[in-house]
Amino acid sequence: MSVPEVVNLAEKFALFTEQWSPKVVGELNGQQVKIARIGGEFVWHQHEHEDELFMVVRGTLRLRFRDGEQTLNEGELIVVPKGVEHLPVAVTEETWIMMFEPAGTVNTGTAGGERTVAVLERL
């Protein structure tokens with residue numbers, strides 16, 4: 001058995017600058033650990049079959065829902081249940097987020113569109 005790799009999030013975030021393009025930094029039990037730099041608004045979307053965990057590493061994230069919103073600061077996380085439509089918004093100029101979701105989860109869910117990242121880069 002080999003020794004597991006330590007993932008340094010600051011080092012991984014330093015490897016890219018593009019926004020709204022999630023990168024895979026780990027996998028476990030059919031789940032992927034993804035990181036993304038975000039700025040401004042994303043798109044309204046939902047995931048029919050997958051729950052999605054968002055954790056703020058740097059900055060502030062607002063998640064809008066059709067019936068309200070939640071604001072997350074550094075070190076806070078939220079789980080968005082499958083089927084719940086949501087709109088991620090970076091409150092700060094750039095926000096760094098980490099997500100846990102099943103492998104194969106598409107970032108734009110059922111919305112599709114130009115912001116869909118079909119093939120995720122592994123860092």
Side-chain angles (χ1 to χ4, degrees):
M1 177 176 149
S2 61
V3 176
E5 176 188 353
V6 172
V7 176
N8 181 300
L9 292 177
E11 289 176 3
K12 296 296 185 183
F13 275 106
L15 295 174
F16 66 100
T17 58
E18 66 266 31
Q19 295 184 340
W20 300 108
S21 182
K23 312 294 184 198
V24 176
V25 295
E27 294 191 51
L28 65 156
N29 303 316
Q31 300 280 313
Q32 289 182 323
V33 181
K34 302 174 184 176
I35 61 172
R37 292 172 174 256
I38 63 171
E41 281 190 357
F42 195 47
V43 295
W44 280 102
H45 68 284
Q46 66 183 5
H47 304 279
E48 291 182 351
H49 306 289
E50 304 93 3
D51 298 330
E52 187 174 29
L53 182 148
F54 291 89
M55 180 176 176
V56 176
V57 176
R58 179 182 290 174
T60 304
L61 172 69
R62 179 168 297 123
L63 277 173
R64 293 188 179 140
F65 303 96
R66 292 298 183 184
D67 58 353
E69 63 183 43
Q70 291 285 5
T71 300
L72 290 81
N73 296 302
E74 291 180 17
E76 295 182 326
L77 64 85
I78 189 169
V79 176
V80 178
K82 62 184 170 190
V84 174
E85 195 172 19
H86 55 287
L87 172 70
V89 179
V91 175
T92 49
E93 183 175 327
E94 182 173 78
T95 299
W96 294 3
I97 60 173
M98 182 168 52
M99 298 157 289
F100 292 84
E101 52 197 13
T105 300
V106 177
N107 65 322
T108 54
T110 57
E114 64 184 38
R115 287 201 164 164
T116 300
V117 178
V119 178
L120 298 179
E121 181 181 356
R122 295 176 189 277
L123 300 180

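Looking at heavy atoms from C-beta onward, Leu61 lies out of side-chain contact with Ile78 at the 4.5 angstrom threshold. Asn107 has its side chain within reach of Thr116: a pair of non-hydrogen atoms, C-beta onward, lies under 4.5 Å apart.
By the neighbour-count criterion of 12 heavy atoms within 6.0 Å, atom CD of Glu18 is densely surrounded, having more than that number from other residues, nucleotides or ligands. Counting non-hydrogen atoms of neighbouring residues, nucleotides and ligands closer than 6.0 angstrom, the CD atom of Gln70 reaches no more than 12 such neighbours. Heavy atoms from other residues, nucleotides or ligands lying under 6.0 Å from NZ of Lys12 number more than 12.
Taking CD from Glu48 and NZ from Lys82, the interatomic distance works out to 11.0 Å, rounded to the nearest 0.5 Å. Put simply, CG on Asp67 and CD on Glu85 are 10.5 Å apart, with the number rounded to the nearest 0.5 Å. Between Leu63 atom CG and Leu72 atom CG the span is 6.0 Å, to the nearest 0.5 Å. Distance check, rounded to the nearest 0.5 Å: CG of Leu123 to CD of Glu11 gives 11.5 Å.
Contact between Thr17 and Glu94 at its shortest, heavy atoms only, is O-OE2, 4.3 Å. Across all their heavy atoms, Met99 and Pro22 have their closest contact at CE-CB, 4.0 Å. Considering all non-hydrogen atoms of both residues, Val79 and Pro81 come closest at O-CD, 3.4 Å.
Residue pairs meeting the ring-ring contact (aromatic ring centres under 6.0 Å, His included) criterion with at least one member in residues 93-123, sequence neighbours excluded: Phe13-Trp96. Listed by first then second residue, pairs satisfying salt bridge (Lys or Arg N to Asp or Glu O under 4.0 Å) with a partner in residues 68-78 read Arg62-Glu69, Arg64-Glu69, not counting sequence neighbours. Residue pairs satisfying the ring-ring contact (aromatic ring centres under 6.0 Å, His included) criterion with at least one member in residues 65-93, sequence neighbours excluded, are listed as follows: His45-His86, His47-His86, Phe54-His86.
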Please report the C-alpha distance between Glu41 and Arg115 in whole Å, then the side-chain angles of each, then the deciding distance to 0.1 Å, and finally whether the salt bridge (Lys or Arg N to Asp or Glu O under 4.0 Å) criterion is met.
CA-CA 11 Å; Glu41 281 190 357; Arg115 287 201 164 164; over 6 Å; no
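Note on Leu15 and Leu9: same hydrophobic cluster, where clusters join Ile, Leu, Val, Met, Phe, Trp and Tyr whose side-chain heavy atoms are under 4.5 Å apart, directly or indirectly. Val43 and Val80 fall within the same hydrophobic cluster, where Ile, Leu, Val, Met, Phe, Trp and Tyr residues are linked whenever their side-chain heavy atoms come under 4.5 Å apart, directly or through other members. Connection of Val56 to Trp20 is established within a shared hydrophobic cluster, with ILVMFWY side chains joined at heavy-atom distances below 4.5 Å, either directly or through further cluster members. Note: the hydrophobic cluster containing Val7 also contains Leu53 (ILVMFWY, side chain heavy atoms under 4.5 Å, direct or indirect links).
Both tests hold for Arg37 against Phe16: distance to the six-membered ring centre under 6.0 Å, angle to the ring axis within 45°.
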List, one per line, each side-chain donor-acceptor pair under 3.5 Å for residues 28-36, sequence neighbours excluded.
residue : atom : partner : partner atom : Å
Lys34   : NZ   : Glu101  : OE2          : 2.6
Lys34   : NZ   : Thr105  : O            : 3.2

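If you chain together ILVMFWY residues whose side-chain heavy atoms come under 4.5 Å of each other, Val24 ends up grouped with Val117, Leu120. Under a 4.5 Å side-chain heavy-atom cut-off, the cluster of Ile, Leu, Val, Met, Phe, Trp and Tyr residues that includes Trp44 is completed by Leu87, Val89.
For Thr95 (side chain) and Ile38 (main-chain N/O), no donor-acceptor pair under 3.5 Å exists by modelled atom type.
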